[in-house]
Amino acid sequence: MTARPNIARVLCDRSGPDRAFDYRIPDELSAEITIGSIVRIDLHGRKIGGWVKEFDPSDALPADELLPLRRVSGSGPDELVIGLAEWSAQRWAGRRSQFFRAASPPRVVRSIGTATYSTLSPEPRSPATTRLLARNGGVLRLPPTSDVLPSLWSCVERGPVLVVVPGVDDATILKSRVARAGVTTALLPHEWARAAAGVDVVIGTRTAVFARLPELGSIMVIDEHDERLQSEASPTWHAREVAAERGRRSGIPLILVSATPTPEALHERVIEAPSREREITGWPEIVIADLSNDSSAPGGRLSSTVIEELRNPSRRVLCVVNRKGTSKLLACRSCRELATCERCESVMSQPDDDLLSCAKCGSERPMTCLNCHGMSFSNLRPGTARLVKELAAAAGRPARVVDADTEPDWSSGPAVEVLVGTEAVLHRVTHADTVVVLDIDSEVLAPRFRAGEQTLSLLTRAARLVGRKADGGRLIVQTRQIDHPLLVAMSRIAPGDATEIERAQREQLKLPPYGAIAVIEGTGAADFVQSLPDSVRVGGTGDRRQVRATNPEVLGRALALGQRPAKGRLRVAVNPGR
DNA sequence: CGGACAAGCTGA
DNA sequence: CAGCTTGTCCGG
């Protein structure tokens, strides 16, 4: 143990400067303070929180010229995680305090308990994962219906594992399965202190990648292709990339698990793919339905393949409609009747809390449903409302929209309802016999560089919902581009080929991971990009600019040098998801 | 972010 | 030129 520190360099929390200031450590606090401690400080006459990130820095003022620390509030991230947070702030051009907060417990932790490791090493294990671990990690391509548990057990054999999953529900389910096997676990962020003390398996969503852990044998990122692993808000940090950096810093392997790995995952990594036979049995039947020369559809939105499926009353069919357009329709929450105008029958909007108004003729009425006198309305996308009628007519059985307000269960009547929803429905409904993707083209052709990646992610999600072909699972994908290579590869159950198509395209266009992009938005965008060094290339006009660099490190360093406007808005999104 | 202070604006 | 508003700077 070195001499007691006299000075603490503290990074400020919340608003204010994203800067660190030095404080004198009073004698009575020196015993309990550590690097990462969460402390209270005085700054400019205000009491604020912060993190100790360094002791006795060489460029500090003499201790007697500094203000004293007020108190130590509790435990925070350790040195490894602090380094990871600082690296992330640079990589995604965000505030350090934001990442430090992600690395801190949700509630004050006064003391960290003792480790609870078990000596169990459960079976069965995954030989492919064991091989990857021996080669310092890589990509495990696992068909969507395959269980990840054997892979996790392979990791557990090596020591404590950090498992990052996309959704909160994924985390809770996995945690209970792991606990049932007699292996000790901690679920983040709630069990931050338990994880910091030491358990066999730490599970959480993307922020868990910043968890403080006393020792670690490996890291797993499950469903690496899932968009939820990336923050939608700026800074647009991605848990996969942070996990990779954490693995590098700790010298431990990272296992990326996905049925359809992204180009970022495949980049410079060893890949373990399933046998052709396991691949085929691990996916549902995938049918590509041609919409381009199929006239059986009224309105041209349903192919004969889909209509046939809809007419089979024993099959639970879930139709996914892609998000398109932003205008909204109001539908009664109780009877689902659309809010239409009594005079001109056009749709009505809701200018304030208790009034409906007609956009066409201007007439107004209270928020009441004409059909059932219900007083509560929900928003529908115009496409969805019309589509429900079309689908019900084609199916000869009722169709119902599933959104945030409706129960996701199938009706138990003589004929099962057809369910309809936007992509979010794939997270709400847990099982179906068939998923119909009504318009994959709007996904494949979307004007974003991740369009292909997101298409594959959607298909993987849908595949998991219907299950294996042997169990009746079927995935019908409607398209007007029957020859699209991505769709052809998927219909042949060759996700390896599909991910390779996507990877090669990114490489050719120098898009991530073969280059780095930042999207700069806001009134300060023009001035900001002008102030950047020559190491980056800038494009775009007005309040929306793009910055490109050869790699994320160069981009991060350049963005850190940019002049942020004193006033006006600026959003910097590095390698954004959307 | 928000307090401090300096530079600009207004009205008698 | 006092009294107020607006802008810019900076914090240990």
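We use all heavy atoms of the structure for the numbers below, so side chains are in, but hydrogens, waters and symmetry mates are not. Labels below follow one simple rule: chain letters A, B, ... track the order of the sequence lines, proteins then strands, and each chain is numbered from 1.
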What is the distance, to the nearest angstrom, from the [atom1] atom on [X] to the [atom2] atom on [N]?
{"X": "I48(A)", "N": "dG3(B)", "atom1": "CD1", "atom2": "C1'", "value": "13 Å"}
{"X": "E65(A)", "N": "dG12(C)", "atom1": "CD", "atom2": "P", "value": "12 Å"}
{"X": "D59(A)", "N": "dG12(C)", "atom1": "CG", "atom2": "P", "value": "16 Å"}
{"X": "R564(A)", "N": "dC10(C)", "atom1": "CZ", "atom2": "P", "value": "19 Å"}
{"X": "I41(A)", "N": "dG12(C)", "atom1": "CD1", "atom2": "C1'", "value": "9 Å"}
{"X": "D22(A)", "N": "dG12(C)", "atom1": "CG", "atom2": "C1'", "value": "6 Å"}
{"X": "L43(A)", "N": "dA4(B)", "atom1": "CG", "atom2": "C1'", "value": "14 Å"}
{"X": "D42(A)", "N": "dG2(B)", "atom1": "CG", "atom2": "C1'", "value": "15 Å"}

Fill in the blank from the handout: Across all chains, not counting sequence neighbours, the side-chain hydrogen bond (donor to acceptor under 3.5 Å, both in side chains) partners of D170(A) are none
Problem - D64(A), CG: over 12 other non-hydrogen atoms inside 6.0 angstrom - result: yes
Problem - salt bridge (charged side-chain N to carboxylate O under 4.0 Å, His left out), paired with D223(A), selected from R464(A), R461(A), R228(A) - result: R464(A)
Exercise for the section: Identify whether any heavy atom of R19(A) sits under 4.0 Å from a base atom; if not, whether one sits that close to sugar-phosphate; answer base, sugar-phosphate or nothing. Expected result: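 Base, at least one base heavy atom under 4.0 Å.
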Only pairs under 3.5 Å count here: list side-chain donor-acceptor contacts from residues 102-113 of chain A, not counting sequence neighbours, and write none if there are none.
| unit_1 | atom_1 | unit_2 | atom_2 | d |
| --- | --- | --- | --- | --- |
| S104(A) | OG | W51(A) | NE1 | 2.7 |
| S104(A) | OG | F100(A) | O | 2.7 |
| R110(A) | NH1 | S73(A) | O | 3.2 |
| R110(A) | NH2 | S73(A) | O | 3.2 |

